[in-house]
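First comes the structure, then the notes that go with it.
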Amino acid sequence: MANKTLLVAQREYLENVRTKTFWLGIFIVPVLLAGVVGVSVLLEKLKEVQRYSVVDLGGGDLLARAEREFRSADAKAMWRLAAKMQDDPQMQDLRDKAGPTTAGEPSADQLKAVLDWVGRQDAKDLARLGELGASRRYEYVSTQQLGIAATDPQEVQRELGQRVHKGELFAYFVLGADPANTVDDFRYVSNNFTDVGLRTSYESALTRVVQKDRIKAADIAPKVAAHIQEQVVCKPLQADSKGGTADVKKENVVDQWAPVGFVYFLWMAILGVASMLLTNTVEEKSNRIIEVLLSSVSPTQLMQGKIWGIAATGMTMVLVWVVFALAAGWTVPTLLGVSGGSAIMAVFMTLQNGGYLLSFAFYFLSGYLLYAAVLVAIGAACNTLKEAQNLTQPVMMALMIPLLSMVFIGQEPNGTVAKILSWIPFFTPFTMMNRAGGPPATWEYIGTSVLLLATIWLTMRAAGKVFRVGVLMTGNPPKLREILSWLRQS
Amino acid sequence: MEHALTLHGVTKRFGSFTAVSDLTLEVPKGCIYGFLGQNGAGKTTTIRMVMSIFRPDAGTISVLGQPDAAAIKDRLGYLPEEKGLYKKMKTAEIVAYFGKLKGMDRSTANQRARELLTRYGLGEWLDKRCEAMSKGMGQKVQVLGTIIHEPDLVILDEPFSGLDPVNRDVMRDLILDMKRQGRTVIFSTHGMEHAEQLCDYVMMIHKSRLQFAGTLAEVKRGRDRGIQLDYDGDGAALQQLPGLARLNDHGKSAEIYLAPGRDPQQALRWLLDHVTVRRFDYREASLHEIFVRTVDDANRKLAAAGKEG
């Protein structure tokens with residue numbers, strides 16, 4: 001008997017897997033994702049270089065020092081650089097000077113080390129670094145380079161102002177005459193006030209330089225100054241059952257975006273595969289092939305066969321995606337030079353954690369089975385896809401809830417909302433996946449899973465009854481009340 | 001005599017509607033049995049109950065000596081009225097698939113599917129997709145899918161509908177082949193000529209109730225004999241025939257039934273005077289006539305019962 005279910009499932013699987021559209025659909029998702037990531041990185045790279053100039057009213061070395069500080073303070077760029085250096089044989093000597101670095105988001109300590117190191121480099125090495133990969137978003141142009149002959153600061157500013165107005169310059173800074181005492185006469189002149197990157201970065205570079213000068217002027221020992229300026233960092237520790245603490249293990253730290261990314265994947269996969277089942281059932285019904293099949297297999301066998309056949313199809317799809325994602329997790333960050341930040345990247349990274357994959361597989365399968373049972377029953381009761389769409393509307397509406405709450409639950413994985421949603425079986429797969437960063441207590445995992453599996457079993461039984469009656473019905477689509485009355489039959 | 005199928009007091013209701021009412025029937029082994037009746041009379045419901053797709057509300061059904069048809073599904077072949085194929089599957093694949101669903105092993109099913117398709121003239125289509133075929137070819141593929149596992153009892157619901165004359169002959173030969181191989185064939189049809197040509201037994205069901213059942217000879221026994229007339233001329237004149245009881249005028253041919261006691265010889269003489277007679281046959285009533293008259297009688301009885309009630 002089970003043999004026939006298998007035959008149906010096998011046919012279903014082969015029919016889907018043999019079509020070009022199936023593979024096209026599979027490949028288009030990673031391609032689209034890669035496209036989204038790639039395009040955003042590309043756009044970032046394509047951003048026009050913002051040219052700026054500086055007028056120094058003080059006439060000292062403030063300009064040169066600020067520029068040097070500004071360059072070296074482009075922390076992220078420096079970090080990328082340091083990461084890149086690891087793979088560039090030509091940078092062997094620089095690498096040896098910098099010490100070990102890793103890819104990914106730098107820790108505060110690492111950043112500081114790199115910055116210190118950059119600060120110690122001579123001009124030639126800095127130039128090499130700049131060429132290799134430092135951010136080239138902001139480009140300093142001196143007044144001489146701009147061909148401004150005037151020396152009077154007012155005159156220079158007027159000329160610079162015209163160039164800003166014409167768009168030749170993005171902005172120019174005016175450095176105050178007496179930064180040791182006042183910074184009131186510092187200026188930023190531009191016509192673009194939405195992109196504040198240049199201004200804020202340059203301001204903080206100036207601040208550091210001015211601070212350094214003032215510390216020196218006040219005759220404070222650099223050691224003391226550093227001591228005063230030290231930033232407070234709270235060391236993250238994990239509480240254990242005995243009330244003690246332990247170092248946070250790396251695998252326990254999950255980027256807050258990773259579960260969100262997973263939920264989104266899960267949602268797409270479940271919805272995609274379950275709708276495939278719905279379409280397939282309605283088509284088969286309107287094809288009139290159902291009755292031929294029913295002379296050989298029981299309605300339950302047919303339904304189970306379809307559900308499992310499509311499940312296998314979906315698993316194939318998800319598996320291909322996972323392979324893609326794993327491959328991308330290894331290669332994309334280095335290829336594109338991006339480090340973390342986006343949810344997709346976080347998912348790629350976290351995918352290398354086996355527990356996630358396992359729970360993804362479990363929640364995909366259980367979520368699919370639950371929604372498959374509902375949709376296959378609806379499909380069996382309808383004659384056209386249009387009718388089916390009307391009946392599936394409540395299901396689709398319910399499915400919006402995990403999608404809408406996904407960011408919120410990601411941030412508050414053990415909040416009341418998250419806990420309540422976990423116990424509603426139709427949301428359990430998404431919510432529990434969503435809460436992985438928490439993570440929920442073991443008893444919650446077990447409890448919700450038992451409830452989920454029990455619901456799947458009940459829903460399957462109910463679906464079987466609706467399927468049995470509905471699959472041979474033609475004519476008007478049944479009302480919800482009629483479908484419920486079928487449940488009471490036999 | 002052993003029976004391929006026995007129904008006893010079978011009733012099936014859908015809500016307040018009774019589709020089959022107290023049906024008792026025996027189908028002997030190895031015969032061709034015709035199920036007659038109007039659309040919606042209850043033929044398909046009866047067949048679906050035999051195939052254990054529906055469960056009867058009352059009564060018992062025994063198929064091939066088994067009370068539970070589900071247990072011997074693999075020995076039955078069924079072609080429903082609404083016929084469909086998987087459009088994307090290749091013909092040989094789908095026929096083999098039906099065989100495998102009936103418990104045949106993979107290689108036997110594949111081999112036999114190709115054999116059958118080739119034998120019935122679809123050799124060129126083995127590896128083509130079903131969607132490319134004409135309706136007639138598709139129907140042939142479906143029938144082959146129905147019989148690939150060499151079933152003992154084959155049930156065909158409206159096998160002739162939608163077929164051109166050539167394919168009808170193919171279907172007829174298929175049915176006769178099956179009988180020759182000792183299988184029992186039940187088919188439902190609206191085409192009385194097919195029933196008359198092929199069937200050993202016929203039954204008729206009208207508005208859920210059995211009207212008659214038996215061999216063709218038994219069904220015709222005791223019915224009025226009638227005149228089968230081929231003619232040229234004005235058919236309206238036939239209405240004037242003295243002693244006329246009923247007339248089925250087809251324009252070029254007609255069936256004429258005379259009132260009791262009338263002499264067909266006199267009718268012939270009258271006809272010769274009024275139309276050009278090409279053929280004159282005085283013989284037992286056709287199945288068509290029996291069908292139409294049964295429907296009339298049953299409706300009259302129901303109307304009368306309705307008035308009394």
Side-chain angles (χ1 to χ4, degrees), chain A residues 1-22 279-302 305-306 309 380 383 465 467-475 478-479 481-482 485-486 488-490, chain B residues 13-15 44-45 47-48 50-55 57 63 69-90 93-106 109 129-131 138-139 141-143 145-146 148-149 151 153-157:
Chain A
M1 284 305 234
N3 193 17
K4 289 189 176 177
T5 307
L6 201 69
L7 270 172
V8 175
Q10 193 182 34
R11 198 209 69 84
E12 209 68 60
Y13 178 73
L14 285 179
E15 175 161 301
N16 281 316
V17 170
R18 277 198 305 204
T19 59
K20 283 187 208 99
T21 31
F22 172 76
T279 320
N280 173 295
T281 309
V282 176
E283 264 176 12
E284 202 151 292
K285 202 184 153 186
S286 60
N287 243 353
R288 312 287 186 199
I289 196 155
I290 290 257
E291 198 171 348
V292 185
L293 299 176
L294 286 185
S295 69
S296 306
V297 302
S298 73
T300 318
Q301 286 171 338
L302 181 60
K306 293 178 83 60
N383 297 308
K465 285 183 182 177
F467 192 87
R468 185 187 296 273
V469 184
V471 88
L472 286 176
M473 288 245 319
T474 47
K479 304 224 162 49
R481 196 164 357 121
E482 285 175 72
S485 79
W486 297 349
R488 284 191 286 274
Q489 285 175 17
S490 65
Chain B
R13 288 179 214 94
F14 295 104
T44 299
T45 306
I47 289 174
R48 284 180 177 176
V50 171
M51 289 310 300
S52 72
I53 292 171
F54 290 155
R55 243 171 283 168
D57 295 316
V63 187
I72 46 141
K73 265 189 175 177
D74 290 355
R75 290 171 60 200
L76 309 179
Y78 174 43
L79 180 72
E81 181 177 2
E82 304 273 18
K83 304 157 186 80
L85 289 170
Y86 287 112
K87 292 185 199 129
K88 302 282 172 200
M89 273 177 107
K90 293 169 185 161
E93 261 175 15
I94 196 163
V95 173
Y97 176 62
F98 287 137
K100 282 183 257 178
L101 280 182
K102 291 290 191 185
M104 295 176 79
D105 68 73
R106 183 179 300 268
R129 288 186 174 187
C130 293
E131 59 191 347
Q139 204 141 325
V141 170
Q142 276 151 345
V143 178
T146 310
I148 177 173
H149 59 297
L153 172 62
V154 184
I155 302 180
L156 310 169
D157 203 349

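Below, chains carry the letters A, B, ... as their sequence lines are ordered, and counting in each starts from 1.
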Worksheet item: Below 4.5 Å, heavy atoms only, C-beta onward: do A/Val471 and A/Pro299 meet side chain to side chain?
Response: no
Worksheet item: Distance-only, no hydrogens or angles: does the B/Lys100 side chain make a donor-acceptor pair with backbone N or O of B/Ala109 under 3.5 Å?
Response: no
Worksheet entry | Heavy-atom donor-acceptor pair, A/Lys285 side chain to A/Gly470 backbone, under 3.5 Å | yes
Item to complete: Count the heavy-atom pairs under 4.5 Å between each of B/His149, B/Arg48, B/Glu81, B/Met51 and chain A, then report the option with the highest count.
Response: B/Arg48
Practice prompt. State which residues pass side-chain hydrogen bond (donor to acceptor under 3.5 Å, both in side chains) with A/Glu15; sequence neighbours excluded, sorted by chain then number.
Written response: A/Arg11
Worksheet, complete the sentence: Highest number of heavy-atom pairs under 4.5 Å with chain A among B/Gly103, B/Gly84, B/Gly77, B/Gly145 belongs to B/Gly84
Practice prompt. Please examine the side chains of B/Lys87 and B/Arg129, heavy atoms only from C-beta on, and report whether any two atoms are closer than 4.5 Å.
Written response: no
Worksheet entry | Minimum side-chain heavy-atom gap B/Leu85-B/Met89 below 4.5 Å | no
Discussion item. Quick check on B/Arg106 against chain A: is it the side chain, the backbone, both or neither that has a heavy atom closer than 4.5 Å?
Written reply: side chain
Worksheet item: Taking every heavy-atom pair that is under 4.5 Å apart, which of A/Ile290, A/Leu293, A/Thr19 has the most such pairs with chain B?
Response: A/Leu293
Worksheet item: Checking B/Tyr97 against chain A: side chain, backbone, both or neither under 4.5 Å from a heavy atom?
Response: side chain
Discussion item. Between B/Asp74, B/Thr146, B/Leu79, B/Leu76, who has the most heavy-atom pairs with chain A when the cutoff is under 4.5 Å?
Written reply: B/Asp74
Worksheet entry | Heavy-atom contact with chain A under 4.5 Å, split by part of B/Ile53 | side chain
Worksheet item: Does a donor on one side chain and an acceptor on the other come within less than 3.5 Å for A/Glu291 and B/Tyr78?
Response: yes
Worksheet item: With only heavy atoms counted, which part of B/Phe54 is less than 4.5 Å from chain A, the side chain, the backbone, both or neither?
Response: side chain
Worksheet item: In terms of heavy-atom proximity below 4.5 Å to chain B, should A/Gln10 be classed as side chain, backbone, both, or neither?
Response: side chain
Fill in: Under 4.5 Å from any heavy atom of chain A - which part of B/Gln142
neither
